[in-house]
Asker: 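One structure is given below, represented as structure tokens, and several questions about it will come after.
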Amino acid sequence: MARRRQIYEGKAKILYEGPEPGTIIQYFKDDATAFNAEKKGTINGKGVINNRISEYVFTRLSHIGIPTHFIRRLNMREQLVRQVEIIPLEVVVRNVAAGSLSKRLGVEEGELLPHTLIEYCLKDDALGDPKVSEEEIACFNWCSHEEMQDMSSMAIRINDFLCGMFAAIDIRLVDFKLEFGRIWDGDYSRTILADEISPDGCRLWDINTGEKLDKDRFRRDMGGESEAYQEVARRLGLLQNEDNGPGEVVDMGAHRSRLRNKITPPKK
């Protein structure tokens with residue numbers, strides 16, 4: 001497919017004008033950022049893996065009735081999606097204490113939460129994507145009450161499904177972020193899932209060893225980022241020979257050996 005006009009470039013993806021009105025081409029980059037882009041780097045082959053994982057997850061979610069922007073994968077790094085008006089909020093779903101929650105509340109990382117916790121963050125890099133309350137969301141009209149209900153309801157359903165899906169491959173879904181958008185039909189809008197779901201926006205721990213299989217390996221300078229992302233894709237059954245290419249996903253036997261050598265189990 002011929003490259004079209006660039007619409008937007010973010011930290012992990014580039015958006016291009018789609019082939020038909022109302023569509024966007026979403027290109028997945030290898031760039032990695034953390035701490036609101038204060039730390040920058042590259043994870044080799046990340047864009048290829050995230051494209052495949054996000055395609056798989058969005059397709060599975062559509063089978064249980066979650067409306068999404070995903071249409072189809074175009075190639076190793078691009079997918080065709082519906083153009084939506086992004087709601088300026090990140091919906092964070094937490095099952096286990098980790099990351100900013102542990103730091104903010106002094107809860108030991110790894111502690112199972114009494115129940116699933118949903119938080120909202122304003123999408124604003126300049127402000128550091130601050131956590132916001134439902135009252136603040138309503139006050140500043142970042143979304144309607146009905147959209148809040150739709151997002152929270154879908155977030156719970158997505159969490160229930162993904163927890164089971166990952167548990168089946170011995171991965172614990174610690175937490176993850178979601179983004180939603182509006183699709184308009186005249187004066188009426190519908191809320192649908194947008195962006196991506198991948199190890200970039202999920203904390204994924206091996207159930208048996210506690211090994212981190214997500215972007216925390218980059219955030220914490222642990223190494224083995226590419227191998228960890230590929231391990232998630234391998235367990236999901238997504239690595240196919242036809243996607244192999246220079247500098248991308250190669251022999252998984254060698255990568256699994258490197259993964260065992262480079263990823264050290266957490267201290268008891």
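By convention here, the first residue in the shown sequence is residue 1.
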Asker: Within the distance-only criterion (no hydrogens, no angle test), does the side chain of Arg73 pair as donor or acceptor with the backbone N or O of Asn51 below 3.5 angstrom?
Answerer: no

Asker: Treating Lys11 as the side-chain partner and Ala34 as the backbone partner, does any N or O pair qualify as donor plus acceptor under 3.5 Å?
Answerer: no

Asker: Can you spot which of Asn44, Asp200, Asn50 makes a side chain to side chain donor-acceptor pair (under 3.5 Å) with Tyr229?
Answerer: Asp200

Asker: Do NZ/NE/NH1/NH2 and the carboxylate oxygens of Arg182 and Asp150 come within less than 4.0 Å?
Answerer: no

Asker: Between Asp214 and Arg203, is there a side-chain N and carboxylate O pair less than 4.0 Å apart?
Answerer: no

Asker: Show, in sequence, the C-alpha distance, side-chain angles and deciding distance for Leu61 and Ile197, and conclude whether the side-chain contact (heavy atoms from CB on, under 4.5 Å) test is met.
Answerer: CA-CA 11 Å; Leu61 290 174; Ile197 297 179; 3.9 Å; yes

Asker: Please determine which of Arg52, Lys13, Lys177 meets the salt bridge (charged side-chain N to carboxylate O under 4.0 Å, His left out) test together with Glu196.
Answerer: Lys13

Asker: Under 30°, 30 to 60°, or over 60°: which ring-plane class applies to Tyr27 and Tyr16, parallel, tilted or perpendicular?
Answerer: perpendicular

Asker: Rounded to the nearest 0.5 Å, how far apart are CG of Asp30 and CD1 of Ile49?
Answerer: 10.0 Å

Asker: So, are Arg157 and Asp160 salt-bridged, with charged N and O less than 4.0 Å apart?
Answerer: no

Asker: Using 4.0 Å as the upper bound for N to carboxylate O, is an ion pair formed by Arg217 and Glu227?
Answerer: no

Asker: How about Lys103: does its NZ atom have over 12 heavy atoms from other parts shown lying under 6.0 Å from it?
Answerer: no

Asker: Just checking Gln6: does its CD atom have more than 12 heavy atoms from other residues, nucleotides or ligands closer to it than 6.0 angstrom?
Answerer: yes

Asker: Does a donor on one side chain and an acceptor on the other come within less than 3.5 Å for Tyr56 and Arg60?
Answerer: yes

Asker: Taking only Lys NZ, Arg NE, NH1 and NH2, and the carboxylate oxygens of Asp or Glu, determine whether Glu109 and Arg220 approach each other closer than 4.0 Å.
Answerer: yes

Asker: Is there a donor-acceptor contact under 3.5 Å linking the side chains of Ser100 and Arg94?
Answerer: yes

